[in-house]
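Everything on this sheet refers to the single structure shown next.
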Protein chains: 2
Amino acid sequence: MAGDGTIGKACDVLDQVAAFARPVRFAELLESSNFPKATLYRFLQTLTNQGMLSYDPDRQTYTPGLRLVRLAHAAWTQSSLAPIARPFLDALSRETGETVHLAQLDSNQVLYVDKRNAAQPIEMYSQAGKVGPAYCTGVGKAMMAFLDEAALDRAVSQQSYHRFTDKTLTSEAALRADLHLIRSRGYAVDDEEHEPGIICIACPILTSGGRMLGAISVTGSTERMNFDQLETWVPRVRRVAEQIGAEAQAWRFPETRPSADTDRMQAT
Amino acid sequence: MAGDGTIGKACDVLDQVAAFARPVRFAELLESSNFPKATLYRFLQTLTNQGMLSYDPDRQTYTPGLRLVRLAHAAWTQSSLAPIARPFLDALSRETGETVHLAQLDSNQVLYVDKRNAAQPIEMYSQAGKVGPAYCTGVGKAMMAFLDEAALDRAVSQQSYHRFTDKTLTSEAALRADLHLIRSRGYAVDDEEHEPGIICIACPILTSGGRMLGAISVTGSTERMNFDQLETWVPRVRRVAEQIGAEAQAWRFPETRPSADTDRMQAT
DNA sequence: TTTGTAGTTCCAAATAATGAAACTGAGTTT
DNA sequence: AAACTCAGTTTCATTATTTGGAACTACAAA
């Protein structure tokens with residue numbers, strides 16, 4: 001992808017290891033990368049040494065390392081969005097009784113940053129950190145619709161347009177039209193475009209200056225409800241999104257921030 | 001710390017940004033680093049460009065980037081421990097009704113990888129990814145006790161020995177003695193060594209070859225229970241630790257692993 | 001023993017990182 | 001308005017690091 005020097009290459013290697021959804025051997029990585037043997041080898045050494053990768057000597061495999069978990073923790077708690085949004089998600093989840101998501105845009109994909117699940121208790125990293133397509137999800141479209149022109153063009157052109165269901169929008173033109181509608185209306189819907197039976201409404205989170213920070217959504221299933229029922233939540237979701245946006249903006253210069261991390265650790 | 005070339009330096013910068021528990025300006029970073037202006041500047045550029053950092057143009061501040069969250073998700077799901085341990089933690093939490101932790105050792109600190117909270121619902125990243133001291137926590141001591149000699153020496157010498165409470169072990173000698181006991185007995189206790197009123201028992205997770213993978217703990221408070229009551233859980237915790245160890249080992253070559261990630265996404 | 005496969009090390013050539021110094025530009029003081 | 005800060009950005013000759021073909025090792029299978 002990008003190639004800013006040594007650091008860029010190292011990041012590529014990290015992504016590659018992460019892309020295998022399992023512990024991976026040197027040879028496999030070598031095959032799927034353009035790096036020469038020795039070069040890749042040294043990268044793996046260095047990254048392992050740094051804790052960015054972890055190496056299992058028994059099985060001779062690499063996986064993404066624990067240091068990433070540490071750093072991601074910092075990313076989450078320092079983010080200008082997730083910690084602020086947390087209590088709002090709690091409330092929205094309680095009120096609606098449905099699944100609630102907080103997402104941000106990361107290289108034109110949807111990255112789920114937090115979640116409240118209707119049924120089960122929250123599931124740690126196996127939820128947050130997950131990525132999904134932008135062109136066929138509520139949060140994805142809500143976010144793209146509020147990008148500035150240049151960024152929107154880039155985003156639209158970088159979608160895969162894979163047809164997940166009959167209703168998936170599979171062309172730039174169709175997506176653009178929907179985004180236009182979303183922008184004027186202020187919220188996005190996903191009408192089984194990603195998964196059959198799954199519908200959702202989503203609102204963007206914006207600063208007063210109009211910068212798009214992320215999106216929140218409420219998801220339902222066609223088995224339990226129809227679209228009209230789901231759409232009754234739109235005003236509420238929009239208000240919550242506005243509140244989050246306002247609070248996020250308010251932390252202009254936190255100086256001392258009431259750290260989302262300060263909750264008693266009590267862990268031993 | 002370590003300095004393997006450009007990559008090591010880049011990782012240092014990431015850590016530095018993460019260490020400020022808030023969005024941080026260029027000048028602040030410059031002050032707290034040894035890098036010359038231009039060098040640091042270029043690192044920040046590149047890392048931001050790569051999504052490892054995120055830059056807020058409004059406030060001119062850097063924070064750890066979203067790409068880290070994505071990568072950490074992969075680290076968690078691909079880890080040979082966390083996904084396997086999950087159902088066991090659920091069970092242990094249900095049975096004991098107490099707070100349960102899964103931890104791994106990361107540069108001789110305790111890194112909490114998963115958690116079940118007695119009272120409240122789970123708290124996302126603000127829990128997993130957190131780090132703590134090893135010399136005065138149950139999981140920390142349980143893990144150190146089962147390191148090989150060289151690694152143990154290193155670990156013991158790298159603790160800070162800050163006195164958190166009256167009961168904190170504050171010397172290498174005292175810690176070594178406790179670790180010796182722990183090793184022979186098979187479990188560790190934390191008797192208010194980290195926080196007053198907080199007690200805990202912890203068992204290491206080992207492969208059959210004796211490699212230490214992590215530890216689990218059950219935590220209680222002196223207000224609700226005494227040590228004897230808590231220690232009745234030791235056999236159970238030990239058994240769970242053994243089971244996790246066995247399963248972790250069993251995934252020698254998963255080929256297709258029943259991915260902890262396969263839970264229906266249903267997110268839009 | 002030979003052959004093959006997977007991983008590791010070497011070192012001269014190619015490339016990228018370095019950092020002092022100069023520059024910019026928005027805001028402030030004289 | 002000119003001079004001055006201060007925070008951030010760019011330049012470029014020098015320096016240090018990365019690079020990768022090829023040679024090597026270790027082990028397993030034929």
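Throughout, a chain's letter reflects where its sequence line sits, starting with A, and its residues are numbered from 1.
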Among residues at least two apart in sequence or on other chains, which ones pass side chain to side chain contact (heavy atoms under 4.5 Å, CB included) with A:H180?
none
Distance from A:I205 atom CD1 to A:L102 atom CG, nearest 0.5 Å?
5.0 Å
State, yes or no, whether a side-chain contact exists between B:Q109 and B:P133 at a heavy-atom distance under 4.5 Å.
no
What is the first contacted nucleotide of DNA chain C and what is the last, in 5' to 3' order, if contact means an atom lying under 4.0 angstrom from a heavy atom of chain A?
C:dG7 to C:dA17
Can you name the salt bridge (Lys or Arg N to Asp or Glu O under 4.0 Å) partners of B:E242, sequence neighbours left out?
none
Check for a donor-acceptor pair, side chain of A:Q249 on one end and backbone N or O of A:S208 on the other, with a separation under 3.5 Å.
yes
Letter by letter from the 5' end, nucleotides 10-30 of chain D scores (B base, S sugar-phosphate only, - none; protein heavy atoms under 4.0 Å) B------SSBBB---------
Sequence neighbours left out, what passes ring-ring contact (aromatic ring centres under 6.0 Å, His included) with A:Y187? Give chain and number order.
none
Salt bridge (Lys or Arg N to Asp or Glu O under 4.0 Å): pairs with one or both residues in residues 143-161 of chain A, sequence neighbours excluded:
A:D153-A:R176
